[in-house]
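Structure, as structure tokens:
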Amino acid sequence: MNLLVTGGCGFIGSNFIRQLLTTKESPLRKLVNLDRLTYAGNPSNLTGIAGDTRYVFAHGDISDSALVVSLLRTHQIGAIVHLAAESHVDRSIDSPEPFIQTNVVGTLHLLDAAGHFWRELEEAAQRQFRFLHISTDEVYGDIGAGPPATEQSPFAPNSPYAASKAAGDHLVRSYNKTYGLPTLTLNCSNNFGPFQFPEKLIPLVILNALENKPIPVYGDGQQVRDWIYVEDHVRAIGMVLARGQVGGTYNVGGGNETTNLDVVQRICALLDAKVPRPDGKSYSAQIAFVADRPGHDRRYVINCSKLQRELGWAPKESFETGLAKTVDWYLDNRAWCDEITAKKYARERLGKPPTLP
Ligand code: NAD
């Protein structure tokens with residue numbers, strides 16, 4: 001199998017590539033990583049992998065159909081795992097357009113290029129080809145007090161990010177139904193773990209705590225998310241790619257329904273035990289409630305019984321063990337964090353509520 005991964009220098013993509021290339025029984029012959037290296041793309045997320053002879057890096061945009069077709073032909077790709085995206089809700093509030101450009105138009109161009117190449121293949125290779133699109137549980141919108149979202153739940157995206165991902169999901173589905181392209185979609189809940197860009201809640205809290213800065217909690221902090229350790233997610237990606245039902249969608253989540261405030265307090269407790277503050281107080285003294293995110297959904301929780309039943313997937317990491325590993329990783333990798341803080345993002349507030357004219 002030769003694989004094209006898009007967005008492989010990002011958080012989930014780099015964890016996926018690392019897991020694939022370090023698994024002994026991996027059937028992989030070649031892995032091509034197409035990444036535009038936006039602010040979120042970081043080649044040092046893949047340090048240690050770059051020397052693997054199966055690994056090829058291609059710097060480019062998923063919207064560049066000519067480049068994508070040429071990569072597919074040159075490397076005789078058998079499957080695409082599409083992770084490239086603009087991924088941060090707050091940035092989509094400040095500036096929706098790049099989200100439409102990459103998550104909608106980019107996904108469309110990638111599908112077109114894949115379809116073009118796929119039609120050139122022999123029948124047997126066409127049957128084996130896969131286009132796996134990685135999406136989010138945010139497409140289902142705020143589920144309130146209702147049951148966890150299933151694959152049949154209606155889409156109701158509420159942020160420009162979620163709307164752009166929902167549009168991408170619909171395009172992927174349409175390329176299967178209309179053109180027969182063998183597509184699959186995985187809708188995942190909130191990931192956490194090593195190499196996550198510090199704009200996202202968990203690394204932001206860890207780093208602000210350690211630097212004695214306010215730890216911002218949006219609104220009342222009672223928004224509920226279902227957290228999944230990134231290694232459990234990337235294992236699900238491998239399983240759906242290998243054995244998922246073509247044309248289908250699969251939900252994946254860690255089964256860890258937690259409020260944002262609870263996540264923050266757990267991180268503070270872990271840091272209190274690992275690196276106590278010099279004044280002996282808890283890091284939770286740094287918690288600062290700030291204006292809520294506009295349109296902030298109260299609750300996302302996902303039902304992933306289809307993935308468990310059909311493919312035998314189950315998370316290996318509990319929220320407690322995954323969070324402890326994550327805190328340790330950020331403590332051990334301060335140089336990685338410092339470089340981002342110095343060059344890309346100094347952890348300023350993004351996605352501010354719009355001010356009146
Ligand atoms: P990320 O922001 O960390 O990484 C995105 C990567 O895509 C970066 O390497 C970036 O350089 C690359 N990229 C962006 N635009 C590109 C373009 N036009 N062409 C080529 N490369 C481009 O994102 P992530 O958190 O790793 O998320 C990966 C995927 O998983 C996204 O599709 C996201 O919507 C989805 N997802 C993420 C989560 C989560 O909690 N992080 C949850 C569910 C689904």
Side-chain angles (χ1 to χ4, degrees), residues 11 39-40 86-99 136-138 141-145 157-165 189-193 196-227 256-272 275 277-279 281-301 319 323 326-327 330-331 334 337-338 340-357:
F11 163 49
Y39 78 94
E86 289 295 333
S87 71
H88 189 39
V89 175
D90 282 344
R91 288 183 196 263
S92 81
I93 294 167
D94 289 334
S95 178
E97 198 157 338
F99 288 73
T136 166
D137 61 353
E138 300 192 28
D142 192 340
I143 63 164
N158 289 322
S159 70
Y161 164 68
S164 70
K165 291 299 291 185
S189 66
N190 272 30
N191 285 229
F192 68 104
Q196 188 165 33
F197 195 84
E199 63 194 353
K200 306 285 167 53
L201 180 68
I202 288 178
L204 181 86
V205 170
I206 298 170
L207 298 182
N208 275 23
L210 293 172
E211 289 174 23
N212 200 22
K213 292 189 168 150
I215 299 172
V217 172
Y218 291 179
D220 61 4
Q222 294 307 309
Q223 307 83 2
V224 172
R225 301 292 181 264
D226 172 4
W227 293 90
N256 299 301
E257 195 177 330
T258 318
T259 65
N260 285 349
L261 185 57
D262 187 38
V263 171
V264 172
Q265 281 165 339
R266 285 176 192 234
I267 295 169
C268 290
L270 282 165
L271 289 173
D272 288 342
V275 275
R277 274 181 27 152
D279 63 3
K281 286 188 186 157
S282 168
Y283 286 95
S284 58
Q286 291 166 230
I287 292 174
F289 291 90
V290 297
D292 206 353
R293 168 190 280 167
H296 205 173
D297 286 333
R298 290 299 277 183
R299 183 166 170 258
Y300 304 132
V301 182
F319 192 50
L323 198 58
T326 305
V327 168
Y330 281 91
L331 288 172
R334 292 305 295 276
C337 304
D338 290 345
I340 289 174
T341 306
K343 294 188 182 158
K344 293 180 166 182
Y345 172 58
R347 300 200 299 286
E348 62 276 12
R349 172 79 195 258
L350 300 168
K352 283 203 193 103
T355 45
L356 293 168

Find the distance between [atom1] ([X]) and [atom2] ([Y]) and round it off to the nearest 0.5 Å.
X	Y	atom1	atom2	value
Y161	S87	OH	OG	6.0 Å
Y283	I267	OH	CD1	12.5 Å
L204	I215	CG	CD1	9.0 Å

Next on the checklist: If you count heavy atoms of other groups shown closer than 6.0 angstrom to CD of E97, is the number above 12?
Outcome noted: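 No, CD of E97 has 12 or fewer neighbouring heavy atoms, counting only those of other groups under 6.0 Å.
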Next on the checklist: Does atom NZ (K281) have a neighbourhood of more than 12 heavy atoms from anything else shown, all under 6.0 Å?
Outcome noted: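 Open.
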Checklist entry - Is there a salt bridge (charged side-chain N to carboxylate O under 4.0 Å, His left out) between E86 and R91 once you walk through the steps? => result CA-CA 9 Å; E86 289 295 333; R91 288 183 196 263; over 6 Å; no
With side chains defined as the heavy atoms from C-beta onward, is the minimum distance between [X] and [Y] less than 4.5 Å?
X	Y	answer
L207	R334	yes
Y345	L350	yes
C337	L210	no
R225	F192	no
E138	K165	no
Y218	V290	yes
N208	P216	yes
F319	E257	no

Next on the checklist: So, applying side chain to side chain contact (heavy atoms under 4.5 Å, CB included) with Q223, which one of N260, T259, V217 is it?
Outcome noted: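 Only one option passes, and that is N260.
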Next on the checklist: To check you understand the geometry: which heavy-atom pair defines the closest contact between N158 and G141, and what is its length?
Outcome noted: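 Closest pair (atom of N158, atom of G141, distance): ND2-CA, 4.1 Å.
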Item to check | Contacts of S95 that satisfy side chain to side chain donor-acceptor pair (under 3.5 Å) - sequence neighbours left out | outcome: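 If we apply the side chain to side chain donor-acceptor pair (under 3.5 Å) test to S95, skipping adjacent residues, there are no hits.
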Next on the checklist: Which residue is it: R347, R349, R293, K352? I am looking for the one with a salt bridge (Lys or Arg N to Asp or Glu O under 4.0 Å) to D90.
Outcome noted: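 Passing option: R293.
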